[in-house]
Each structure stands twice: as C-alpha cells, then as structure tokens.
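Every value quoted in this text rests on a predicted model; they were computed, and no experiment measured them.
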Amino acid sequence: MNTREVALICKAIADNNRLQIVQMLLDGEKCGCKLLEAFDITQPTLSHHMKILCECGLVNSRKEGKWHHYSINKTVLESLNDFIGSILKV
C-alpha cells in the first residue's frame, strides 16, 4: 500500500459517520437499509458516504435487488494495518 492510498483511506474515515459505518461493517456485511436505520441521514447522504468508502477501496459493494450490501475489504484493511504498524515502530 502506498502513501496515496493510505491518505485516501484516512481522508475517507476522517468523517464521523463514515468511521461509524466502518465500525458497523467490522461485524459483517450489512444492507444499505440497515446502515440507514442507524443514522439520522437521508438515503442520498448514505449513498455519498458509501461512494467515498468504496472509492478508497476500504468497503466492497454488491447489489441485490434494489439494495446494496456493503462489507469491509479485509485485504485493504490488513494492508492499512501493516502500513500504520510500520509507522508506529519506533
């Protein structure tokens, strides 16, 4: 993982709602409808947040019917963990 990719992820999770979404997805895949229930936001706002999380590669999306299902991209999360771990070694 390069510094540009890490910066995009950090920028994406710098938003409180997006960081909470990532925390929710750590428990497993969630339908957009379930994510929407957890926040006081509109569906277009949720879509905006999910677009940012998917574009940085941290979240995967799959469509089933009219709903999108989201999950953490574990490969990207592990790479991010390795990158941050290498920075923290002192």
Side-chain angles (χ1 to χ4, degrees):
M1 176 165 281
N2 63 44
T3 56
R4 184 181 185 284
E5 293 168 327
V6 172
L8 285 174
I9 292 170
C10 289
K11 191 174 182 181
I13 60 175
D15 178 88
N16 183 53
N17 285 335
R18 290 193 289 268
L19 189 55
Q20 288 181 48
I21 290 167
V22 168
Q23 284 184 310
M24 289 176 68
L25 293 177
L26 290 173
D27 291 337
E29 183 180 76
K30 303 271 187 303
C31 175
C33 59
K34 292 296 179 191
L35 295 172
L36 195 56
E37 290 173 2
F39 296 92
D40 187 25
I41 58 175
T42 64
Q43 191 279 325
T45 301
L46 176 66
S47 292
H48 171 74
H49 288 311
M50 299 316 297
K51 179 181 177 193
I52 291 169
L53 290 169
C54 289
E55 284 179 348
C56 76
L58 189 57
V59 171
N60 296 318
S61 171
R62 71 176 180 84
K63 189 169 183 177
E64 187 175 295
K66 72 174 194 170
W67 291 106
H68 285 268
H69 296 261
Y70 299 99
S71 61
I72 291 292
N73 183 333
K74 291 181 181 174
T75 303
V76 170
L77 187 60
E78 289 169 3
S79 294
L80 177 64
N81 187 48
D82 291 345
F83 184 92
I84 292 172
S86 70
I87 291 173
L88 297 177
K89 289 181 183 174
V90 192

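Residues Met1 and Val76 have side chains in contact (heavy-atom distance under 4.5 Å, counting atoms from C-beta outward). A heavy-atom distance below 4.5 Å is found between the side chains of Gln20 and Phe39.
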**OP:** Show your reasoning for whether side chain to side chain contact (heavy atoms under 4.5 Å, CB included) applies to Leu35 and His49.
**Re:** CA-CA 11 Å; Leu35 295 172; His49 288 311; over 6 Å; no

Subject >> Worked check of side chain to side chain contact (heavy atoms under 4.5 Å, CB included) between Leu46 and Gln43 >> reply: CA-CA 5 Å; Leu46 176 66; Gln43 191 279 325; 5.5 Å; no

Original post:
Would Lys34 and Met24 satisfy side chain to side chain contact (heavy atoms under 4.5 Å, CB included), going step by step from the backbone distance to the final call?
Top reply: CA-CA 10 Å; Lys34 292 296 179 191; Met24 289 176 68; 5.9 Å; no

**OP:** Dump the intermediate steps for side chain to side chain contact (heavy atoms under 4.5 Å, CB included) on Leu26 and Leu77, then the final yes or no.
**Re:** CA-CA 10 Å; Leu26 290 173; Leu77 187 60; 3.8 Å; yes

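Distance check, rounded to the nearest 0.5 Å: SG of Cys56 to CD1 of Ile9 gives 5.0 Å. Put simply, CD on Gln23 and CD1 on Ile72 are 10.0 Å apart, with the number rounded to the nearest 0.5 Å. Rounding to the nearest 0.5 Å places CD of Glu29 at 9.0 Å from OG of Ser61. Atom NE2 of residue His48 and atom CD1 of residue Ile41 lie 10.0 Å apart, to the nearest 0.5 angstrom. Here NE2 of His68 is found 7.0 Å from OG of Ser47. Values are rounded to the nearest 0.5 Å.
Not a single donor-acceptor pair under 3.5 Å links the side chain of Glu55 to the backbone N or O of Ile52.
Of all non-hydrogen atoms in Leu53 and Ala12, the two that sit nearest each other are CD2-CB, 4.2 Å. Of all the heavy atoms in Asp27 and Lys30, the pair that sits closest is CB-NZ, 3.6 Å. Of all non-hydrogen atoms in Tyr70 and Gly32, the two that sit nearest each other are CE1-CA, 4.0 Å.
Summarising the local packing, CZ of Arg4 is surrounded by 12 or fewer heavy atoms from other residues, nucleotides or ligands at distances under 6.0 Å. Around atom CG of Asp82, more than 12 heavy atoms belonging to other residues, nucleotides or ligands sit under 6.0 Å away.
In the hydrophobic cluster analysis, where Ile, Leu, Val, Met, Phe, Trp and Tyr join through side-chain heavy atoms closer than 4.5 angstrom, Trp67 is grouped apart from Leu25. Placement of Leu80 and Leu8 in two distinct hydrophobic clusters is found when ILVMFWY residues are connected by side-chain heavy-atom separations under 4.5 Å, directly or transitively.
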